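Here the structure comes first, spelled out in structure tokens, and everything after it is commentary.
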Amino acid sequence: MEANTSLWHSYLGVIVSRERQRMEHFQRAEDILLTLLESVHARDPRFLVDYARNLEAFEFALCASEDAVTLEVPLRIDGDTLRVLARRSRDSPEQGGHPSELSTCCLEVCSPGADLEDWTGGVDGMEHGGGAGCLLPGKILQHLKELLVSAIVRCQRLFLLQPGDISAENLREDAMQLSLLIRGSWKSIRFDIVPVVRRQQEPLQLRGRQGDRGFPEGSLRRATEEAHFVPASPLCWRSSTHLPLLKLLRGVDSLQGPRLDSLRLLDQLREQDWGGQAGTGTITFQHLKMVLLWSTELFPSPEDWQDLEGSVYRLLVILLRCLATQKLPHFLNPEENLFQGAAPDLASLYHKVECFAWDPQRFLRFHFGLHGFRGSCQADMETRALLQLPTKDGSCWDTAYFDILLSQFQVYRIQDSARRSAASQLLSRIRREIPQQS
């Protein structure tokens, strides 16, 4: 047991040892980007410079791969004076009125003297409002792009940038974000710059769920009290959950137990063993981040997060269930399936994750330069059948169901008699309803 624990912590130790260097790498690139944005702000004060980038740096340090960093640039617009007008396609169902549930929307400027005339225009097909005086993301993106290019030239002339510090080759006319490659040290970081309109809203109410269950009190309210609208098309906006999710992740970091260490470890496996060539694949850090948020809610007891191995398996059983059913619900909008359209690759990925769950010692080592898992494992057929149960009444997305899976993997060390009884009763019911597979 001690040797097994040492293996988990040795693997994690190598991962954590890289974070300081990654943070320094990020901060140098961030300094260059802030210099550009300050120049943009000086030319047009409607583009604000947000110096509070600790959440983006926090996420970058956690991630094993060099994924693009989404950086939202707030606009100097009073979002509370804008009118949100829904734009739904004929195929999209009618949903509730919370902005995060809208597929796309228009933001109508109600006050004519708001110094936004060059960013507004008419839009047809809106639900209300007559289609005039709406903020147009395409105009804002084009203006921001021109200012960024001008800022790069200006900073180079003033020797504020060194040759090779920045590349604007990925700036595209039709993209809904502006991508810049910025050199942090020996490697460049891609920043996806996105203009954002912020607006106060009623904190999100999660239907059928227990508010802050598993999270620090008030976390959900603080994370969702402000709506963030980012470009969805040249004419429309969509609600972004990028920063709300990062705020929730920061809240998880304040809880006891190796929760973020579990995310670090699984993300390294994703990069090293679960991806395709050169670490690419269906699953991303964002998927694993969503799994951690669900595990925090579904396993709210500190007893679940006592040791690294047990904590990793809290994420693993949820990830395996999502892969088996090919559905990973968004934490703040569960009707959205984050695995939508990825079905062909999920079966292969399921096999890799399942092999790790049954024999983690094979994977807890670094093999630099070689990517992708090769091999097979002997899986338990009953566990596989449990993972693939059809979703009916929600009983396969609650603590009792995942407690059953933890027991199957022999990492269920919970002493709470009520929880053990609930898991036992659910397992008995499942076995009555579905014949055991041999």
Side-chain angles (χ1 to χ4, degrees), residues 46-47 68 70-75 77-111 114 116 118-145 172-179 192-207 223-246 286 290 327-342:
R46 292 177 298 179
F47 294 106
T70 298
L71 188 137
E72 295 183 350
V73 175
L75 303 178
I77 296 173
D78 185 356
D80 296 335
T81 65
L82 301 177
R83 188 178 180 190
V84 181
L85 306 173
R87 278 178 60 92
R88 297 188 181 94
S89 67
R90 285 177 294 181
D91 298 329
S92 63
E94 290 293 320
Q95 297 177 325
H98 197 282
S100 67
E101 296 171 345
L102 299 175
S103 53
T104 61
C105 64
C106 292
L107 300 179
E108 185 178 43
V109 179
C110 301
S111 305
L116 298 171
D118 57 328
W119 287 357
T120 58
V123 180
D124 295 329
M126 290 189 306
E127 202 172 75
H128 302 288
C134 289
L135 275 179
L136 299 182
K139 288 188 175 183
I140 297 172
L141 283 164
Q142 180 60 32
H143 189 197
L144 179 56
K145 176 184 173 182
R172 300 197 344 254
E173 295 289 341
D174 57 343
M176 291 300 103
Q177 68 277 328
L178 302 174
S179 295
D192 287 342
I193 302 168
V194 184
V196 60
V197 176
R198 296 176 178 174
R199 166 188 174 93
Q200 294 298 311
Q201 68 176 2
E202 288 296 319
L204 186 62
Q205 300 296 320
L206 301 177
R207 291 191 287 266
T224 63
E225 63 189 0
E226 193 175 58
H228 293 194
F229 292 98
V230 298
S233 74
L235 301 178
C236 301
W237 302 80
R238 63 176 178 83
S239 181
S240 168
T241 58
H242 170 67
L243 282 180
L245 290 174
L246 282 181
Q286 302 304 320
M290 204 68 67
K327 181 178 181 181
L328 172 57
H330 191 290
F331 186 76
L332 296 177
N333 186 21
E335 293 79 13
E336 179 184 352
N337 179 13
L338 299 178
F339 281 161
Q340 188 73 37

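Please read these numbers as outputs of a predicted model, since none were measured by experiment.
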**Request:** Please work out whether the ring planes of His143 and Phe47 are parallel, tilted or perpendicular, with thresholds of 30° and 60°.
**Result:** perpendicular
Below 4.5 Å, heavy atoms only, C-beta onward: do [X] and [Y] meet side chain to side chain?
X: Phe339; Y: Lys327; answer: no
X: Glu226; Y: Gln201; answer: no
X: Leu75; Y: Ile140; answer: yes
X: Leu135; Y: Ile77; answer: yes
X: Arg46; Y: Asp118; answer: yes
X: Cys105; Y: Val84; answer: yes
X: Leu136; Y: Leu235; answer: yes
X: Leu82; Y: Glu108; answer: no

**Message:** Evaluate Val109 against Arg83 for side-chain contact (heavy atoms from CB on, under 4.5 Å), listing each step before the verdict.
**Reply:** CA-CA 7 Å; Val109 179; Arg83 188 178 180 190; over 6 Å; no
**Asked** With a 4.0 Å cut-off, would you call Asp78 and Arg198 a salt bridge?
**Response** no
**Request:** Mind running side-chain contact (heavy atoms from CB on, under 4.5 Å) on Leu245 and Met290 for me, showing each step along the way?
**Result:** CA-CA 8 Å; Leu245 290 174; Met290 204 68 67; 3.7 Å; yes
**Message:** side-chain contact (heavy atoms from CB on, under 4.5 Å) for Leu178 and Leu141? Distances and angles first, verdict last.
**Reply:** CA-CA 8 Å; Leu178 302 174; Leu141 283 164; 4.1 Å; yes
**Message:** Side chains of His228 and Glu72 only: does a donor on one sit below 3.5 Å from an acceptor on the other?
**Reply:** yes
**Item:** Exercise: do Asp192 and Ser179 side chains pair donor with acceptor under 3.5 Å
**Value:** yes
Please identify each residue that fulfils side-chain hydrogen bond (donor to acceptor under 3.5 Å, both in side chains) with [X], with sequence neighbours left out.
X: Thr120; result: none
X: Gln286; result: Glu59, Lys289
X: Gln177; result: none

**Message:** Has Thr241 got a side-chain atom pairing as donor or acceptor with Pro244's backbone, closer than 3.5 angstrom?
**Reply:** no
What's the separation between atom [atom1] in [X] and atom [atom2] in [Y], rounded to the nearest 0.5 Å?
X: Leu328; Y: Leu338; atom1: CG; atom2: CG; value: 4.5 Å
X: Trp119; Y: Leu144; atom1: CH2; atom2: CG; value: 8.0 Å
X: Thr70; Y: His242; atom1: OG1; atom2: NE2; value: 5.0 Å
X: Cys236; Y: Leu85; atom1: SG; atom2: CG; value: 10.5 Å

**Minimum heavy-atom distance Pro231-Pro137, with the two atoms named** = CB-CB, 3.7 Å
**Shortest non-hydrogen contact from His330 toward Leu332** = ND1-N, 3.0 Å
**Item:** Stepwise side-chain contact (heavy atoms from CB on, under 4.5 Å) test for Phe229 and Arg199
**Value:** CA-CA 8 Å; Phe229 292 98; Arg199 166 188 174 93; 3.9 Å; yes
